[in-house]
Amino acid sequence: MQMSYAIRCAFYQLLLAALMLVAMLQLLYLSLLSGLHGQEEQDQYFEFFPPSPRSVDQVKAQLRTALASGGVLDVSGDYRVYRGLLKTTMDPNDVILATHASVDNLLHLSGLLERWEGPLSVSVFAATKEEAQLATVLAYALSSHCPDMRARVAMHLVCPSRYEAAVPDPREPGEFALLRSCQEVFDKLARVAQPGINYALGTNVSYPNNLLRNLAREGANYALVIDVDMVPSEGLWRGLREMLDQSNQWGGTALVVPAFEIRRARRMPMSKTELLQLYQVGEVRPFYYGLCTPCQAPTNYSRWVNLPEESLLRPAYVVPWQDPWEPFYVAGGKVPTFDERFRQYGFNRISQACELHVAGFDFEVLNEGFLVHKGFKEALKFHPQKEVENQHNKILYRQFKQELKAKYPNSPRRC
């Protein structure tokens with residue numbers, strides 16, 4: 001009897017030990033599984049439950065720190081650069097919308113934030129000491145009242161090297177201190193600003209568009225660099241993320257986003273269907289149609305508008321680069337920077353597209369996404385110094401193309 005009892009006890013002890021071993025093996029398996037899929041699960045989690053944006057006080061502290069640094073001079077010594085007046089936390093695989101603006105044109109940020117769901121980076125140029133002060137005041141007000149600005153926007157400031165931007169005095173910025181909402185900040189800016197062409201500054205200071213572009217896309221892997229008065233199609237950021245996440249085959253490829261322009265009085269189209277309806281009645285036309293048709297013609301608009309409708313964003317066709325094509329595109333990896341010697345008007349984007357081609361990138365046009373510029377671009381609307389600046393940059397572009405031969409001696413491609 002005692003022997004039978006002892007056997008039963010030993011059996012139960014063995015059974016308990018076996019169950020504990022199974023439990024431990026299950027825990028080990030779950031741990032390994034978590035390690036293998038943790039990043040994927042984290043990405044899925046943050047897609048639906050993004051991390052909370054930093055507090056207003058944290059953002060203001062960052063603004064003060066950036067301004068207190070005194071900035072750094074650019075390579076030419078002509079401009080003072082303040083990086084990170086506002087910062088944003090970004091997934092290294094994300095697509096950032098990079099743009100640039102004079103202080104007056106910052107009012108376009110509101111429309112970009114509505115259409116672009118991902119991170120946005122803007123470089124602001126202040127041509128005078130007063131504009132530099134206004135820019136810091138705006139950054140302060142926008143960070144205080146606009147949650148989207150705190151969560152998704154990085155802002156940098158550039159001004160002539162002889163000026164320094166200052167931390168806004170708590171007793172100032174005058175009327176901006178009385179504002180209580182994000183919409184009120186943009187409404188106030190619309191009343192005090194004089195929006196127009198970025199480089200028509202009315203001063204003897206050149207607008208450093210390529211310095212601003214480089215600053216805005218700095219640190220990004222994939223970036224779409226656009227003008228601040230352009231608007232992307234609805235869902236473009238999400239479509240790009242899904243396409244890029246599904247494959248790593250896009251290295252060395254510039255994914256071209258077709259660009260259009262629309263009469264200023266019209267509502268900005270959200271979908272390709274809406275865009276084509278306006279295109280058919282002449283309310284929308286290819287970008288630069290009345291100013292520099294060859295600058296966008298290789299996009300092949302007639303082919304693009306006749307593509308079959310699709311639900312997923314993807315490259316539709318390959319286009320060989322040719323001078324003077326200056327497409328808007330998304331690309332990652334070792335993307336050449338914009339040459340900062342080009343300022344004001346002429347050849348500033350063409351030169352970078354030319355180097356992209358020589359460096360070995362291929363250009364593929366996307367099927368559904370697009371950009372729309374607010375208003376038709378007309379030659380008569382450009383500032384009086386346009387021809388002088390254009391001729392200077394034209395000479396520089398010839399020199400630039402010769403320099404590329406030495407920079408890429410083994411490349412069979414030339415501009």
Are any side-chain N or O atoms of N393 and backbone N or O atoms of Y345, one a donor and one an acceptor, separated by less than 3.5 Å?
-> yes
So, the side chain of D148 versus the backbone of R152: is there a donor-acceptor pair under 3.5 Å, distance only?
-> no
Side chains of P269 and I262: closer than 4.5 Å at any heavy-atom pair?
-> yes
Smallest heavy-atom separation, A223 atom then R217 atom, equals CB-NH2, 3.6 Å
Run through C354, C295, P298 and flag the one making a side-chain contact (heavy atoms from CB on, under 4.5 Å) with W325.
-> P298
Judged by atom type as modelled, is there a donor-acceptor pair below 3.5 Å linking the side chain of T128 to the main-chain atoms of E131?
-> yes
Any donor-acceptor pair under 3.5 Å from H145 side chain to L179 backbone | yes
Of the non-hydrogen atoms in A254 and A331, which two are nearest, and what is the gap between them?
-> CA-CB, 4.2 Å
Are there more than 12 heavy atoms of other residues, nucleotides or ligands under 6.0 Å from atom OH of Y289?
-> no
Heavy-atom closest pair (L112 atom, M230 atom, distance to 0.1 Å) is CD2-O, 3.1 Å
May I ask you to say whether R413 pairs ionically with D362, meaning some side-chain N is under 4.0 Å from a carboxylate O?
-> yes
For R398, what residues pass the side chain to side chain donor-acceptor pair (under 3.5 Å) criterion, not counting sequence neighbours?
-> none
Within the 6.0 Å centroid threshold, strictly below: Y288 and H373 = no
Can you name the nearest heavy-atom pair linking L157 to A132, along with the distance?
-> CD2-O, 4.4 Å
So, do V335 and Y329 sit near enough that their side-chain heavy atoms are less than 4.5 Å apart?
-> yes
Pick out which of F342, F125, Y79 makes a ring-ring contact (aromatic ring centres under 6.0 Å, His included) with Y207.
-> F125
S411 side chain to V358 backbone, donor-acceptor under 3.5 Å | yes
Report the distance from atom OG1 of T99 to atom CH2 of W116, rounding to the nearest 0.5 Å.
-> 11.5 Å
Just do the side chain to side chain donor-acceptor pair (under 3.5 Å) check on D74 and S76 with the steps written out, would you?
-> CA-CA 6 Å; D74 77 319; S76 71; 2.8 Å; yes
So, do Y301 and Y279 have ring centers that fall under 6.0 Å from each other?
-> no
Just by distance, do the side chain of Y82 and the backbone of A165 share a donor-acceptor pair under 3.5 Å?
-> yes
Between the side chain of D91 and the main-chain N/O of N93, is any donor-acceptor distance below 3.5 Å?
-> yes
Does the E364 side chain pair with the main chain of T253, one donor and one acceptor, at a distance under 3.5 Å?
-> no
Within the distance-only criterion (no hydrogens, no angle test), does the side chain of R150 pair as donor or acceptor with the backbone N or O of S143 below 3.5 angstrom?
-> yes
Please check if the distance between the ring centroids of W304 and F260 is under 6.0 Å.
-> yes
Within 6.0 Å of CD in E309, more than 12 heavy atoms from elsewhere = no
Can you find a heavy atom in the side chain of V256 that is under 4.5 Å from one in the side chain of V319?
-> no
Mind checking whether Y163 and R80 have side chains closer than 4.5 Å, heavy atoms only?
-> no
Any side-chain heavy-atom pair of W321 and L356 under 4.5 Å = no
Residue pair R213 / N210, side-chain heavy-atom distance below 4.5 Å | yes
Nearest heavy-atom pair of G77 and S161: which atoms, and what distance?
-> O-OG, 3.1 Å
Taking S233 for the side chain and F370 for the main chain, is one N or O donor matched with an acceptor at less than 3.5 Å?
-> yes
N-O pairing of E378 and R285 below 4.0 Å | yes
Result for salt bridge (charged side-chain N to carboxylate O under 4.0 Å, His left out) between E355 and one of K407, K401, K334 points to K407
Of all heavy-atom pairs linking L211 and E340, the shortest is CD1-OE1, 3.5 Å
Identify whether the distance between the nearest side-chain nitrogen and carboxylate oxygen of R341 and E403 falls below 4.0 Å.
-> yes
Mind checking whether L313 and E242 have side chains closer than 4.5 Å, heavy atoms only?
-> no
With side chains defined as the heavy atoms from C-beta onward, is the minimum distance between W237 and L97 less than 4.5 Å?
-> no
Kindly determine whether D339 and T337 satisfy side chain to side chain donor-acceptor pair (under 3.5 Å), including the steps that lead there.
-> CA-CA 6 Å; D339 191 306; T337 58; over 6 Å; no
Residue pair V124, L85: steps toward the side chain to side chain contact (heavy atoms under 4.5 Å, CB included) verdict = CA-CA 10 Å; V124 184; L85 265 63; over 6 Å; no
